[in-house]
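Counting starts at 1 for both ligands and their atoms, in listed order. Atom set for the values below is all heavy atoms of this structure, side chains included, hydrogens, waters and symmetry mates excluded.
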Amino acid sequence: MVDAIIAEGLVKKYGRLVALDGLDLRVPEGTVTALLGPNGAGKTTAVRVFTTLLTPDSGRVTVAGIDVLREPRRLRSRIGASGQYAAVDEYLTGFENLEMVGRLYHLGVARSKQRARELLERFDLADAADRPVKGYSGGMRRRLDLAGALVANPPVLFLDEPTTGLDPRARLDLWDVIEELVAAGTTLLLTTQYMEEADRLADAIAVIDHGKVIARGTADELKTMVGGDRIELTVDHIDSLEVAREALAEFAVGEIHLEPGLRRITVPVSDGSQALVDAIGRLAAREVKIHDVGLRRPSLDDVFLTLTGHEARGSGAEDGDTGEGVA
Ligand SMILES: Nc1ncnc2c1ncn2[C@@H]1O[C@H](COP(=O)(O)OP(=O)(O)O)[C@@H](O)[C@H]1O
Ligand SMILES: [Mg+2]
């Protein structure tokens with residue numbers, strides 16, 4: 001497979017601070033890669049390098065077959081980018097914003113207007129097309145910003161934290177939009193702080209920390225690396241713990257953990273939801289009274305803790321904590 005994005009040994013320093021520390025990354029054409037990492041990991045810096053906005057101190061980078069450092073101008077018409085903070089003009093309408101992007105890409109007046117209308121329709125913004133963006137919700141702004149990235153039909157797309165700061169509903173809407181988009185064959189690099197988002201949207205995940213890719217794989221591979229799904233069960237009576245252990249042994253893909261004091265048992269499982277349903281049935285059959293039961297999936301924090309020995313949060317946050325909510 002041809003790689004649409006190739007980065008080798010990217011280094012970028014801000015004074016003494018090393019933002020990119022030899023970043024290597026490959027994104028095969030027509031696939032989605034999520035660059036997953038906490039605040040300050042270097043995600044935005046990397047995207048700015050890929051999109052010609054920032055020159056690295058060293059390293060090589062090729063996007064859509066074009067050497068980014070040698071031919072930035074030629075590259076610009078072949079990529080689309082949408083930022084962590086929606087870059088739309090507040091005082092223009094949605095339509096005017098997109099039309100302006102079309103003009104910047106030299107699409108011509110008629111084509112720019114047509115493209116603006118198409119995209120507003122597609123992103124469910126047709127009704128708001130003639131209203132100034134000032135009155136748009138956060139979700140509408142992100143959709144408009146994303147539409148802007150698509151005006152020139154670029155084969156390679158960069159989305160920097162597309163859903164950070166959105167409410168859960170708007171996040172789900174945007175995920176749908178992004179999924180449709182990549183179904184059409186666009187190569188996408190998106191950055192995110194959310195394991196769940198990477199899981200849902202990406203074919204491959206590259207985990208970034210301190211300016212370096214520290215692990216790469218599918219969501220399942222990463223979760224397996226940190227131990228995968230676990231059933232956490234609290235029983236009513238301490239006497240039931242041993243019965244529960246026997247009943248659940250067949251689901252365990254690793255060591256079962258007992259905490260008698262808490263009347264709790266933790267069972268590593270694969271195919272978590274199905275295992276949970278089966279396990280509850282098995283416990284009911286043995287008349288084990290369940291106080292509380294749930295499926296615990298690895299979060300970004302678990303992945304980080306396992307890979308680096310430190311928590312994902314609280315390492316070099318530079319722009320306030322936007323990582324609350326879905327994580
Ligand atoms: N213009 C800048 N000047 C100085 N330091 C910067 C600048 N931009 C980013 N940094 C620092 O570089 C590191 C990586 O930042 P960034 O790429 O924005 O991370 P992320 O997008 O993953 O949150 C952080 O420590 C950040 O504070
Ligand atoms: Mg960022």
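Checked against a 3.5 angstrom limit, the closest N/O atoms of Lys43 and ligand 1 fall inside it. The distance criterion of under 3.5 Å between nitrogen or oxygen atoms is not met by Ala19 with respect to ligand 1.
Cation-pi contact between Arg142 and Phe123: absent, since separation from the ring centre below 6.0 Å together with deviation from the ring axis within 45° is not met. Cation-pi geometry between Lys12 and Tyr14 is met: under 6.0 angstrom from the ring centre, within 45 degrees of the axis.
Less than 4.0 angstrom separates some heavy atom of Asn39 from each of these atoms of ligand 1: 23 (O). Using a 4.0 Å cut-off to heavy atoms of Leu17, the atoms of ligand 1 that qualify are 11 (C), 12 (O), 13 (C), 25 (O). The distance from ligand 1 to the heavy atoms of Pro38 drops below 4.0 Å at these ligand atoms: 22 (O). Listed by number with element, the atoms of ligand 1 under 4.0 angstrom from any heavy atom of Ala41 are 19 (O), 20 (P), 22 (O). Ligand 1 places these atoms under 4.0 Å from at least one heavy atom of Thr44: 17 (O), 18 (O), 20 (P), 21 (O).
Put simply, the side chain of Pro162 reaches to within 4.5 Å of the side chain of Ile178, judged on heavy atoms.
Counting heavy atoms of neighbouring residues, nucleotides and ligands inside a 6.0 Å radius, atom CG of Asp127 does not exceed 12 of them. No more than 12 heavy atoms of other residues, nucleotides or ligands shown are found within 6.0 angstrom of CD on Glu121.
By heavy-atom distance, the residue among Gly37, Gly40, Ala46, Gly15 lying nearest atom 20 (P) of ligand 1 is Gly40.
Between Leu36 atom CG and Leu222 atom CG the span is 7.5 Å, to the nearest 0.5 Å.
Salt bridge annotation for Glu221-Arg216: absent, with no cationic side-chain nitrogen under 4.0 angstrom from a carboxylate oxygen.
Taking backbone and side-chain atoms together, Thr191 has no N/O/S atom less than 2.8 Å away from the Mg ion (ligand 2).
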